[in-house]
Protein chains: 2
Amino acid sequence: MAHTLASNFNNFFNRLSPFQVIFIFYLSAVIIASILIGLPFLHKEGVHLSLIDIIFTAVSAVSVTGLTVVSTPDVFNTPGYFVLMFVLQFGGIGVMTLGTFIWLMLGQKIGLKRRQLIKTDQNRNTFSGMVSLIKQILIIIILIEAIGALILGIYFIQYFPTAGEAFIQGMFASVSATTNAGFDITGSSLVMFEHDYFVQMINMILLILGAIGFPVLIEIKDYLTHKKQDLFKFSLFTKLTSITFALLIVVGTILIYLLDRTHFFQGKSWHESLFYALFQSVTTRNGGLATMDVSEFTVPTLLVICILMFIGASPSSVGGGIRTTTFAITLLSVISYARGKRDVRVFGREIDPEDIFRSFIVVNTAVTIVGLAIILLNVFEPDFTLIQLMFEACSAFGTTGLSTGITADLHLPGKVIIIALMFIGRIGIFSFLFILRGKAPRAKYHYPKEPMIIG
Amino acid sequence: MAHTLASNFNNFFNRLSPFQVIFIFYLSAVIIASILIGLPFLHKEGVHLSLIDIIFTAVSAVSVTGLTVVSTPDVFNTPGYFVLMFVLQFGGIGVMTLGTFIWLMLGQKIGLKRRQLIKTDQNRNTFSGMVSLIKQILIIIILIEAIGALILGIYFIQYFPTAGEAFIQGMFASVSATTNAGFDITGSSLVMFEHDYFVQMINMILLILGAIGFPVLIEIKDYLTHKKQDLFKFSLFTKLTSITFALLIVVGTILIYLLDRTHFFQGKSWHESLFYALFQSVTTRNGGLATMDVSEFTVPTLLVICILMFIGASPSSVGGGIRTTTFAITLLSVISYARGKRDVRVFGREIDPEDIFRSFIVVNTAVTIVGLAIILLNVFEPDFTLIQLMFEACSAFGTTGLSTGITADLHLPGKVIIIALMFIGRIGIFSFLFILRGKAPRAKYHYPKEPMIIG
Ligand SMILES: [K+]
Ligand SMILES: [K+]
């Protein structure tokens with residue numbers, strides 16, 4: 001019986017392209033989440049949600065973006081919190097699974113060693129391969145969340161009237177941070193912990209573990225359990241993505257501080273400044289939680305945060321954006337080219353030209369889509385400033401969830417644009433292009449080439 | 001004697017890389033132009049220009065951008081107009097010559113037929129090749145300018161008190177339009193001709209002839225003088241760049257009208273609307289002249305104009321920006337990729353992958369440079385809005401010269417940033433990267449490749 005079901009699923013999956021699977025997955029997830037979120041008995045008394053707000057919240061939760069048109073603690077009751085946590089969990093794990101799935105699907109060049117690393121069997125584009133993958137991801141994510149919930153729950157007892165409330169808050173905070181969902185039930189993100197560096201540290205660790213990518217987590221696990229650690233070799237992917245990730249956090253922290261030195265950071269102690277700048281930098285890597293009202297920052301700082309959100313998290317993680325690897329590869333390509341080198345080398349390896357080409361396609365498509373969205377937002381929402389709308393668009397595309405506070409005041413077309421950006425940011429530009437793509441065969445003959453004048 | 005001089009130049013040119021030649025050319029041109037523009041007897045009485053304003057005007061004139069920190073008719077007397085015209089002429093022709101020069105330099109793949117088209121001899125990277133090229137460009141440009149000056153001069157008699165003044169105005173307008181310089185001696189660009197569609201038509205024709213690129217002009221001349229016109233074949237370059245050029249004008253006109261339909265175009269007749277939208281669209285292709293105050297447009301329209309200015313003119317023309325071909329190639333690449341095709345085909349030809357790679361490098365470098373400049377402008381000029389500063393940056397990089405009117409009020413750091421953008425936009429991203437480039441040899445061995453996860 002179970003075998004027949006699995007085999008049916010198997011056939012179903014095999015008939016679809018992986019990108020159609022992703023699209024169907026997200027569409028179904030959004031519909032189910034909308035129904036759940038719309039259930040009146042999960043709401044506080046007297047709450048009425050419009051259809052667009054239900055869909056917005058569902059897309060934001062499934063895509064673990066965290067932009068909200070309604071205040072979570074004002075709308076949902078305690079059972080509502082649990083349902084929301086379930087949706088975030090489902091969204092976060094779905095995102096990570098599918099991200100990894102694409103990697104395996106596309107990675108025809110991935111060797112046996114790499115495949116063993118992910119521990120999927122040979123039939124990796126089959127239902128059983130998916131199940132095995134989901135199991136691994138579930139175990140890792142739930143383990144991280146449980147530890148986070150326990151630490152935060154115990155620690156929160158000093159903040160909340162009852163131990164029960166403290167643990168619900170701890171659990172929600174841990175799930176929201178690990179899945180990088182950015183939702184909160186405090187009503188004001190982490191602003192109440194703006195001077196509690198312990199809570200911030202735990203949150204940052206959870207955010208980073210969620211956003212650094214599943215392949216990296218697996219490799220770290222393998223490294224930690226490896227007998228001869230000095231012989232263990234991290235993959236190029238893990239090295240490149242982790243170093244980019246870390247550099248973005250460091251550079252982000254420095255830039256946020258420098259650009260708002262004479263404004264937001266004026267008169268703040270060094271440790272306050274450090275934690276404000278560091279947390280807000282880490283959160284752009286995809287969390288969307290904040291320890292302050294980001295609209296207090298000046299325009300240059302908001303522009304830097306826009307760029308950081310646009311870059312987003314690592315591939316095969318819970319985060320969105322163009323991804324750290326894409327950013328790194330295009331940047332390395334430009335630097336190599338400016339230095340007169342046609343090959344792009346990093347850590348003694350050469351980046352595949354096909355990957356370079358893909359990266360440029362992703363960046364250019366993303367810039368085009370986000371640019372068009374910003375123009376449309378300015379058409380439909382003339383009451384907001386350009387920077388507010390740019391910030392909202394980058395946050396949605398990066399599925400980050402930070403906002404200058406305008407989300408709830410957007411009109412219907414504005415909300416629809418943000419929903420579309422969260423959706424595209426979530427499935428990723430690369431999958432998005434594949435969904436649009438017809439099944440055109442690879443060209444078998446070539447036209448003559450003619451030289452062009454560039455730039 | 002003449003031979004020795006030529007041969008000395010020859011040796012000098014051969015020792016330098018073409019990009020070093022360009023850099024030295026622009027730097028010398030800016031210094032000479034600064035000295036000329038600073039000459040007190042070319043100024044009206046009582047005028048005093050600061051050093052930064054002299055340099056700004058010189059860079060703007062040499063790069064034929066047309067952004068101005070001082071009003072040309074308030075500062076310069078009639079001899080001053082002639083000197084300014086000389087600088088614009090020199091700048092415009094220099095730009096076109098060097099653009100074509102780079103094309104010839106880089107185009108090692110350019111066949112004999114193509115080389116005959118440009119009518120340079122075999123020793124094309126020599127001084128004599130350059131001289132021959134400059135001659136051709138000079139003849140074409142001066143011919144266009146003379147016809148324009150004659151038509152405008154005669155027509156202007158109705159506008160100005162004396163025929164002499166009418167002809168000086170006509171001559172300056174023709175030089176400014178053909179070189180796409182965007183300077184004016186009316187004091188308010190072409191706003192005084194906002195209802196004179198004849199003047200606008202002549203200006204648009206001159207602007208387009210200057211911005212469409214020297215290779216296109218040569219091919220059109222060859223086509224017109226060809227005995228069997230139905231057998232004449234335009235090159236892929238000419239077809240791609242001209243169609244992109246035309247499409248950008250049409251799409252720009254439509255978007256400008258649609259986005260400001262209920263604002264600027266409210267209550268205007270169809271022909272008024274058409275000419276306002278059309279002229280402002282054409283001018284983004286590089287002229288920088290305007291028949292209205294562009295700050296009257298709404299934010300979405302200004303954003304569209306920013307993008308159009310950023311794209312800029314065709315290669316080997318008097319214009320700047322990333323160039324039409326670069327834009328077309330990246331757009332075609334993304335569309336091909338989305339349609340599942342790896343090869344980029346257009347007009348029955350295939351675009352060289354090397355050209356695709358170069359295009360992406362150019363676009364990404366340009367986005368990075370302009371993005372950084374916008375952030376820095378926001379740091380140093382907090383009194384201006386984001387859209388004003390974005391507009392100014394895109395206008396400078398595209399060497400367009402349109403402005404929402406803030407140029408004269410920029411502080412020193414703001415002016416320096418705009419000067420740098422005009423300079424980079426002028427020499428072009430591609431040459432800019434080559435100037436940065438060391439003489440690193442092409443890699444002879446390859447590192448092993450490892451697959452990556454993109455986007
Ligand atoms: K998020
Ligand atoms: K110009």
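Just so we're clear, the structure is a prediction, and the values are computed from it rather than from any experiment.
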Practice problem: Would you check if B/Val334 and A/Thr368 make a side-chain contact, meaning some heavy-atom pair closer than 4.5 Å? | Solution: no
Practice problem: Select, from A/Ile361, A/Val367, A/Leu303, the one with the greatest count of heavy-atom pairs under 4.5 Å involving chain B. | Solution: A/Ile361
Exercise. Assign the ring pair B/Phe360 / A/Phe360 to parallel, tilted or perpendicular, where the plane angle (0 to 90°) is split at 30° and 60°.
Key: parallel
Quiz item: Can you tell which of B/Leu377, B/Val379, B/Asn378, B/Leu389 makes a side-chain contact (heavy atoms from CB on, under 4.5 Å) with A/Val299?
Solution: B/Asn378
Practice problem: Rounded to the nearest 0.5 Å, what's the gap from CG on B/Leu386 to CG on A/Leu386? Could you check? | Solution: 4.5 Å
Quiz prompt | Spatial distance of atom CG (B/Leu255) from atom CD1 (A/Ile375) [nearest 0.5 Å] | solution = 8.0 Å
Quiz item: Is it the side chain or the backbone of A/Thr298 that comes within 4.5 Å of chain B heavy atoms, both, or neither?
Solution: neither
Self-check item: Under 4.5 Å from any heavy atom of chain A - which part of B/Leu376
Solution: neither
Exercise. Find the distance between CZ (B/Phe327) and CG (A/Asn364) and round it off to the nearest 0.5 Å.
Key: 10.5 Å
Quiz item: Measuring heavy-atom distances to chain A, does B/Leu259 have an atom under 4.5 Å in its side chain, in its backbone, in both, or in neither?
Solution: side chain
Self-check item: Test log, rule side chain to side chain contact (heavy atoms under 4.5 Å, CB included), inputs B/Ile356 and A/Phe357
Solution: CA-CA 9 Å; B/Ile356 296 174; A/Phe357 183 69; 3.6 Å; yes
